[in-house]
Amino acid sequence: MRSRPATACATAALLLAVTVGCTDGGDGDEAARDSPSPSTSAPTRTPSATPSPTRTPVNPVSIPGLIAREHTGSGLKLGSVITRTSDYTSYEVTYKANGLTISGLVNIPEGKGPFPALVLAHGYIDPAIYTTGRGLNREQDLLARNGYIVLHTDYRNHARSSKDPGNDVDLRLGYTEDVIGAAKALKSSGRPEIDADRVGLLGRSMGGGVVYNSLVVAPGLFDAAVAFAPVSSRPEENIDHFQRAEGDPLVARIDAKHGTPEENPKFWREASPVTYVDRVTEPLLIHHGTADDTCPIVWSRQTAAAFEKAGKDVRLRTYQGEGHTFYPQWRRSMDSTMDFFARHLR
């Protein structure tokens with residue numbers, strides 16, 4: 001938003017331009033009397049217009065492209081009951097995110113609300129075998145039992161969600177839109193169980209990367225975020241580590257469309273959430289095991305350092321000997337997660 005002085009200056013400049021234009025036009029009687037004869041008159045000068053600066057188009061497949069887009073999320077609809085416990089009921093759910101229908105599940109605690117809500121972003125699971133709610137079952141259950149509404153998004157191209165054929169070659173940035181849409185759908189649902197003013201975000205592995213993206217694209221949408229064993233905040237590192245090294249044919253399509261990091265460094269810089277970490281406003285907690293052989297812990301150390309350098313509220317908790325799946329120390333990590341959300345969402 002422009003400040004008042006800037007607006008006043010712009011208005012004054014506009015008035016000055018109009019005044020100059022009228023004076024040079026000379027359409028009054030006095031001006032006609034003072035004008036020299038046509039044989040001796042100097043040519044009338046027309047003020048030259050200052051050309052408007054040309055704005056470089058934003059690449060839609062980039063973090064700036066996501067920032068520039070107006071994101072929508074609405075139409076949260078509860079479907080069939082998946083399971084019912086003494087502490088919560090789990091439902092199939094759909095919602096709209098930027099025009100697509102996204103499926104998922106929602107756990108609603110028993111008792112009197114409204115309850116704070118959490119959006120869960122799962123890690124990579126082949127969409128061909130993925131089923132609704134898969135990937136974060138332990139977290140869904142524990143968080144709902146502790147009084148949180150839990151919306152686990154399936155992402156586009158998963159389960160009953162809409163198809164987006166170009167999403168994989170475009171670095172799966174569409175998943176970020178689905179998570180932002182989930183938060184907006186919760187906030188706009190009007191359901192009395194949901195406290196629209198208290199919404200957090202939790203992602204695991206690939207979903208941790210979605211957390212990073214969401215924080216830089218939509219600052220202020222969430223109140224706090226947690227990332228478990230997240231991927232790198234630089235997508236070229238993820239592609240090299242998970243896909244290029246394995247000979248994934250998708251990499252050739254990505255390179256053909258966007259260029260390699262060596263050929264098109266600007267694209268890869270703009271695809272990295274860490275490039276825009278200065279935009280983040282929410283506190284972030286990162287969990288990572290020292291024995292993680294899927295997502296190296298150095299990725300989280302580097303990302304946390306970038307947040308700290310930008311003066312952001314970030315904490316990296318490390319777990320000696322813990323692997324990617326957090327089995328031995330999972331409960332300890334979740335106790336820390338619930339303490340964190342209690343401070344920022346309760």
Side-chain angles (χ1 to χ4, degrees), residues 1 66-67 69-79 81-82 87-122 132-133 136 139-156 161 175-203 207 210-227 279-285 313 337-346:
M1 180 181 294
L66 289 177
I67 292 169
R69 184 168 188 178
E70 181 179 355
H71 296 277
T72 59
S74 61
L76 186 72
K77 294 181 180 178
L78 273 58
V81 173
I82 298 173
D87 295 306
Y88 66 88
T89 302
S90 182
Y91 300 87
E92 291 184 343
V93 70
T94 59
Y95 63 93
K96 292 286 188 180
N98 288 2
L100 298 184
T101 297
I102 306 300
S103 63
L105 68 78
V106 63
N107 291 348
I108 300 180
E110 297 295 324
K112 182 176 176 59
F115 303 101
L118 298 172
V119 176
L120 269 56
H122 65 81
T132 290
L136 288 166
E139 290 82 0
Q140 295 161 14
D141 177 76
L142 182 62
L143 291 166
R145 291 183 187 279
N146 281 270
Y148 291 95
I149 287 179
V150 177
L151 173 55
H152 175 113
T153 177
D154 287 337
Y155 304 139
R156 61 192 63 193
S161 296
Y175 297 165
T176 302
E177 298 181 66
D178 302 336
V179 164
I180 291 172
K184 288 180 173 284
L186 284 167
K187 289 173 176 284
S188 65
S189 70
R191 296 193 64 91
E193 312 98 318
I194 301 172
D195 187 336
D197 294 325
R198 296 183 293 167
V199 180
L201 174 61
L202 183 149
V210 177
V211 167
Y212 296 154
N213 286 352
S214 300
L215 294 182
V216 301
V217 171
L221 179 63
F222 297 96
D223 295 292
V226 174
R279 290 175 49 84
V280 175
T281 58
E282 297 79 11
L284 171 66
L285 173 62
D313 184 353
T337 294
M338 288 188 290
D339 287 344
F340 175 77
F341 280 138
R343 289 198 304 274
H344 297 289
L345 271 72
R346 294 292 190 178

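Note: hydrogens, waters and symmetry copies are ignored here, and every other heavy atom, side chains too, is used.
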Could you walk me through whether T72 and K184 pass the side chain to side chain contact (heavy atoms under 4.5 Å, CB included) test, one step at a time?
CA-CA 7 Å; T72 59; K184 288 180 173 284; 5.6 Å; no
Kindly say whether A225 contributes a backbone atom to a donor-acceptor pair with the side chain of H344 at under 3.5 angstrom?
no
Do the side chains of L118 and E139 get nearer than 4.5 Å, heavy atoms only?
no
Side chain of D154, backbone of G104: donor and acceptor closer than 3.5 Å?
yes
Report the distance from atom CD1 of I102 to atom OH of Y155, rounding to the nearest 0.5 Å.
11.0 Å
Pairwise distance CD(E92) to NZ(K77) - rounded to 0.5 angstrom
14.0 Å
T176 and its side chain to side chain contact (heavy atoms under 4.5 Å, CB included) partner, picked from I180, D178, V179
I180
Could you please spell out the steps behind the side chain to side chain contact (heavy atoms under 4.5 Å, CB included) verdict for L284 and Y212?
CA-CA 9 Å; L284 171 66; Y212 296 154; 4.0 Å; yes
Locate the shortest heavy-atom distance separating T337 from L285; write the atom from each residue and the value.
CA-CD2, 4.2 Å
Distance col, row L186:CG vs S74:OG, nearest 0.5 angstrom, shows 12.0 Å
Working to the nearest 0.5 angstrom, can you tell me the gap between L120 CG and N107 CG?
9.0 Å
Quick one: closest heavy-atom pair of V119 and A182, and the distance?
CG1-CB, 3.9 Å
Rounded to the nearest 0.5 Å, what separates atom NZ in K96 from atom OG1 in T101?
2.5 Å
Donor-acceptor contact present, side-chain T89 to main-chain I108, <3.5 Å:
no
Any donor-acceptor pair under 3.5 Å linking the side-chain atoms of D141 with those of Y88?
yes
Show your reasoning for whether side chain to side chain contact (heavy atoms under 4.5 Å, CB included) applies to L100 and E177.
CA-CA 10 Å; L100 298 184; E177 298 181 66; over 6 Å; no
Taking it one step at a time, do M338 and L142 satisfy side chain to side chain contact (heavy atoms under 4.5 Å, CB included)?
CA-CA 10 Å; M338 288 188 290; L142 182 62; 3.8 Å; yes
Donor-acceptor contact below 3.5 Å, side chain D223 vs main chain V199:
yes
Working to the nearest 0.5 Å, report the span between CZ of F341 and CG of L201.
7.0 Å
Looking at every heavy atom in both S103 and S161, which two are closest together, and how far apart are they?
N-OG, 2.9 Å
Using the side-chain hydrogen bond (donor to acceptor under 3.5 Å, both in side chains) rule, take T153 and Y95 through it: C-alpha gap first, then chi angles, then the decisive distance, then the call.
CA-CA 9 Å; T153 177; Y95 63 93; 2.8 Å; yes
Can you tell me how the ring of H152 sits relative to the ring of H122, calling it parallel under 30°, perpendicular over 60° and tilted otherwise?
parallel
Taking side chain to side chain contact (heavy atoms under 4.5 Å, CB included) as the criterion, tell me which of L78, V106, I149 meets it with R191.
L78
